Protein chains: 2
Amino acid sequence: MTAPAVLAALASPRRQEILRLIWSEERTAGAIHRAMPDVTFGAVSLQLRSLTEAGLAESRAEGRHRFYRARREALGPLGRMLEQMWDDALWRLKLAAELEHTRRGPRPRRRTVKARKG
Amino acid sequence: MTAPAVLAALASPRRQEILRLIWSEERTAGAIHRAMPDVTFGAVSLQLRSLTEAGLAESRAEGRHRFYRARREALGPLGRMLEQMWDDALWRLKLAAELEHTRRGPRPRRRTVKARKG
DNA sequence: ATGATATTTTAGATATAACTAAAATAAAAG
DNA sequence: CTTTTATTTTAGTTATATCTAAAATATCAT
């Protein structure tokens, strides 16, 4: 629940993937796992714990199932940013374009060619 | 410049520390390093590179110095969030309070005490 | 109780990130 | 050219995160 913890939680692509799945509807841990078959159930469970501890997800138990959902309120403006990121492909392009003018370029090419021993 | 890269860049406390230093005024790499003596100059330089590659910082050379500054525009609403985080101690408290009602509690105390072998 | 399903937790392996020390690059000054 | 100051880069180490496999916990059904 410390400030960087929220950002750290969002930093992992895996956790973002999960957050996206539970963004607009709650899902059971199993359903989430089924949506990402390249990883173990245990791994998903651990990430769900991270998200919960960071305050980005919450869960409710029902029988032997546990339903998870995102805590969108806890994210504030960040939530809207994520939504944009997800369904607005332009976001990436815009950022990339903005970067162009800053880039230090592909190896500025040294001007003074000093003698090398050997 | 990929989307999670921005968040990943912000996730590290070290990079946040640096970003904060260059938020409202540009500083040389050396000045930044002097502000965090627990770490090597080389380490600071690497983090500056990360920030630059993520689009969160930019630099200009002047003689043998290099001045760094944050690219606040690139962060959008996230920038304002960071500012709040930094000079508004309430942010942390508010988030912590919000979390209270979600917490799965400190070990829910098992009800059925099953026999253990041994 | 026993067995099946759903999920969490633990211990240990592997991948990724961050750091250090030293070498390399670059500009300024002698 | 040599030395000094400022910074970057590289190679290798250490720390942290993430994953797997197996065991543990919990609920439901029989």
Side-chain angles (χ1 to χ4, degrees), chain A residues 4-5 7-18 22 26-54 57 59-68 104-118, chain B residues 4-5 7-18 22 26-54 57 59-68 104-118:
Chain A
L7 294 166
L10 288 175
S12 144
R14 183 71 69 190
R15 280 190 296 269
Q16 271 201 38
E17 198 183 353
I18 293 176
I22 60 175
E26 62 178 11
R27 288 180 203 272
T28 66
I32 295 165
H33 174 227
R34 259 168 262 129
M36 36 182 77
D38 57 316
V39 89
T40 302
F41 200 161
V44 171
S45 186
L46 287 171
Q47 297 290 32
L48 283 169
R49 178 156 70 160
S50 295
L51 285 168
T52 303
E53 281 172 354
S59 63
R60 106 192 133 80
E62 190 181 301
R64 40 186 163 177
H65 293 279
R66 184 172 280 275
F67 287 88
Y68 283 88
R104 287 226 305 301
R107 270 182 264 154
R109 210 147 54 319
R110 55 180 87 109
R111 262 178 298 173
T112 56
V113 184
K114 278 197 167 180
R116 260 189 284 175
K117 78 173 178 185
Chain B
L7 294 167
L10 289 176
S12 141
R14 184 71 70 191
R15 281 191 296 270
Q16 271 199 38
E17 197 183 353
I18 293 177
I22 60 176
E26 61 179 12
R27 288 179 203 271
T28 66
I32 294 165
H33 175 227
R34 259 169 263 128
M36 37 184 77
D38 58 317
V39 90
T40 302
F41 200 160
V44 170
S45 186
L46 287 171
Q47 297 289 30
L48 283 169
R49 178 155 71 159
S50 294
L51 284 168
T52 303
E53 282 172 355
S59 62
R60 103 192 137 79
E62 190 182 301
R64 41 187 163 174
H65 293 279
R66 185 172 279 275
F67 287 86
Y68 283 88
R104 285 224 306 304
R107 272 182 263 153
R109 221 189 317 38
R110 55 180 89 109
R111 260 178 297 171
T112 56
V113 182
K114 278 195 167 178
R116 261 191 283 175
K117 78 173 178 185

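Chain A is the first sequence line, chain B the second, and so forth, proteins listed ahead of strands; every chain is numbered from 1. Keep in mind that the numbers below use all heavy atoms, side chains included, and drop hydrogens, waters and symmetry copies. For clarity, every value in this text was computed on a predicted model and none was experimentally measured.
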Atom CZ of B:R15 and atom C1' of C:dA18 are separated, to the nearest Å, by 9 Å
Round to the nearest Å and state the distance from B:I32 atom CD1 to D:dT7 atom P. 9 Å
Rounded interatomic separation in angstrom, taking CG from B:L7 and C1' from C:dA17: 17 Å
Starting from the C-alpha separation in whole Å, work towards a yes-or-no answer on side chain to side chain contact (heavy atoms under 4.5 Å, CB included) for A:L46 and A:R14. CA-CA 11 Å; A:L46 287 171; A:R14 183 71 69 190; over 6 Å; no
For B:L46 and D:dT7, give me the distance from atom CG to atom P, rounded to whole Å. 14 Å
Under 3.5 Å, side chain of B:T40 to main-chain N/O of B:A43, donor-acceptor pair present? no
B:T28, nearest nucleotide to its side chain (from C:dT5, D:dT9, D:dT7): D:dT7
Between D:dT20, C:dT7, D:dT7, which nucleotide has the shortest distance from any of its atoms to the side chain of A:H65? C:dT7
Give me the one residue out of B:I18, B:T52, B:I32 that meets side chain to side chain contact (heavy atoms under 4.5 Å, CB included) with B:Q47. B:I18
How do A:F41 and B:G42 order along DNA chain D: which one's closest nucleotide is nearer the 5' end? B:G42
With respect to the side chain of B:R64, which nucleotide from D:dT9, D:dT27, C:dA29 is positioned closest? C:dA29
Within the structure shown, what part of the strands sits under 4.0 Å from B:A29 by heavy-atom distance: base, sugar-phosphate, or nothing? sugar-phosphate
Nearest whole Å is fine: how far is C:dT16 P from A:R14 CZ? 12 Å
Considering only side-chain heavy atoms of A:R66, which listed nucleotide, C:dT20, C:dT8, D:dC19, is closest? C:dT8
Please confirm whether the backbone N or O of A:A8 pairs with a side-chain atom of A:R15, one donor and one acceptor, at under 3.5 Å? yes
Counting only side-chain N and O atoms of A:Q47, is one of them less than 4.0 Å from OP1 or OP2 of D:dC19? yes
Atom-to-atom span, CD of A:E62 to C1' of C:dA6 - whole angstrom: 13 Å
Taking atom P of D:dT8 as reference, at what distance in whole Å does atom NE2 of B:H33 sit? 12 Å
Could you tell me whether the phosphate oxygens of C:dT8, OP1 or OP2, come under 4.0 Å of any side-chain nitrogen or oxygen in A:Y68? yes
In whole angstroms, the gap separating C1' of D:dA6 from CZ of B:R60 amounts to 15 Å
Please check: side-chain N/O of B:H33 versus main-chain N/O of B:V39, any donor-acceptor pairing under 3.5 Å? yes
